[in-house]
Enquirer: 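What follows is a structure written as structure tokens; I'll ask about it next.
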Amino acid sequence: MNDDPNEPTPPEGLPERLVSDLNGLTAEELHKAIIHAQELLNFRNEGPSAIDPQPGDDIIRVTEYDGYTEVVKQVYCGENCDDCPHGPYLYRVTRERHPDGTTSAYWRFIGDVRLDDE
């Protein structure tokens, strides 16, 4: 359990020992861990996730469905905001193909979520 209310919550299903190891890393080591994880996904022919958290995002839950992903996250808007974090909010994320053949994640805001209802 986190003592600091601003510390991000790990995604559901992430092994506790991995969360513990990640929490003990420096910022430089975390960047290296992200690069290694992306390389492992590429090696296993898994494309990069459509769920790439932005700085300040706290991903609470990711649920995969056929054709889309539901994401519940909290958002930190800035250092001087007394109301942070905002949310949690529910998003539906899909991969959108562009005319040039590239794809990108499309995040559609669904609305507020009350976690105690789950």
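What you see below is based on every heavy atom in this structure, not just the backbone, and it leaves out hydrogens, waters and symmetry mates. By convention here, the first residue in the shown sequence is residue 1.
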Enquirer: Does any part of the side chain of Ile110, heavy atoms only, come nearer than 4.5 Å to the side chain of Tyr91, both counted from C-beta?
Expert: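 A side-chain contact under 4.5 Å is absent here.
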Enquirer: Report the residues that fulfil side chain to side chain contact (heavy atoms under 4.5 Å, CB included) with Thr26, sequence neighbours left out, ordered by chain and then residue number.
Expert: Glu28, Glu29
Enquirer: Take Val75 and Asp57 through the test side-chain contact (heavy atoms from CB on, under 4.5 Å) and record every step on the way to the result.
Expert: CA-CA 5 Å; Val75 178; Asp57 285 354; 4.0 Å; yes
Enquirer: At their closest point, which heavy atom of Ser104 faces which heavy atom of His98, and how far apart are they?
Expert: OG-NE2, 2.7 Å
Enquirer: Is the shortest side-chain heavy-atom distance between Pro85 and Asp58 below 4.5 Å?
Expert: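 With C-beta onward as the side chain, the pair stays apart.
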Enquirer: Rounded to the nearest 0.5 Å, what separates atom CD in Glu16 from atom CG in Asn23?
Expert: 9.5 Å
Enquirer: How long is the span from the CD atom in Glu70 to the CD atom in Glu64, to the nearest 0.5 Å?
Expert: 10.5 Å
Enquirer: Hey, mind stepping through Tyr89 and Asp112 against side-chain contact (heavy atoms from CB on, under 4.5 Å) and telling me if it holds?
Expert: CA-CA 5 Å; Tyr89 301 125; Asp112 295 337; 2.9 Å; yes
Enquirer: Measure the spacing between CH2 of Trp107 and CZ of Arg92 and express it to the nearest 0.5 Å.
Expert: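 One gets 13.5 Å once the value is rounded to the nearest 0.5 Å.
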Enquirer: Could you check whether any side-chain heavy atom of Thr69 comes within less than 4.5 Å of a side-chain heavy atom of Thr63, counting everything from C-beta outward?
Expert: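 No, their side chains stay 4.5 Å or more apart.
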Enquirer: Keeping to residues at least two apart or across chains, list the ring pair (Phe, Tyr, Trp, His ring centres under 6.0 Å) pairs with something in residues 67-88.
Expert: Tyr65-Tyr68
Enquirer: Would you mind reporting whether Val113 and Ile60 have side-chain heavy atoms less than 4.5 Å apart?
Expert: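 Ile60 does not reach Val113 side chain to side chain.
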Enquirer: For Cys77 and Cys84, which heavy atoms make the closest approach, and how far apart are they?
Expert: N-SG, 3.2 Å
Enquirer: Counting only heavy atoms not in Asp100, do more than 12 fall under 6.0 Å of its CG?
Expert: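 Above 12, so yes.
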Enquirer: Connecting only ILVMFWY residues whose side-chain heavy atoms lie within less than 4.5 Å of each other, what is the rest of Leu14's hydrophobic cluster?
Expert: Leu18, Val19, Leu22, Leu25, Leu30
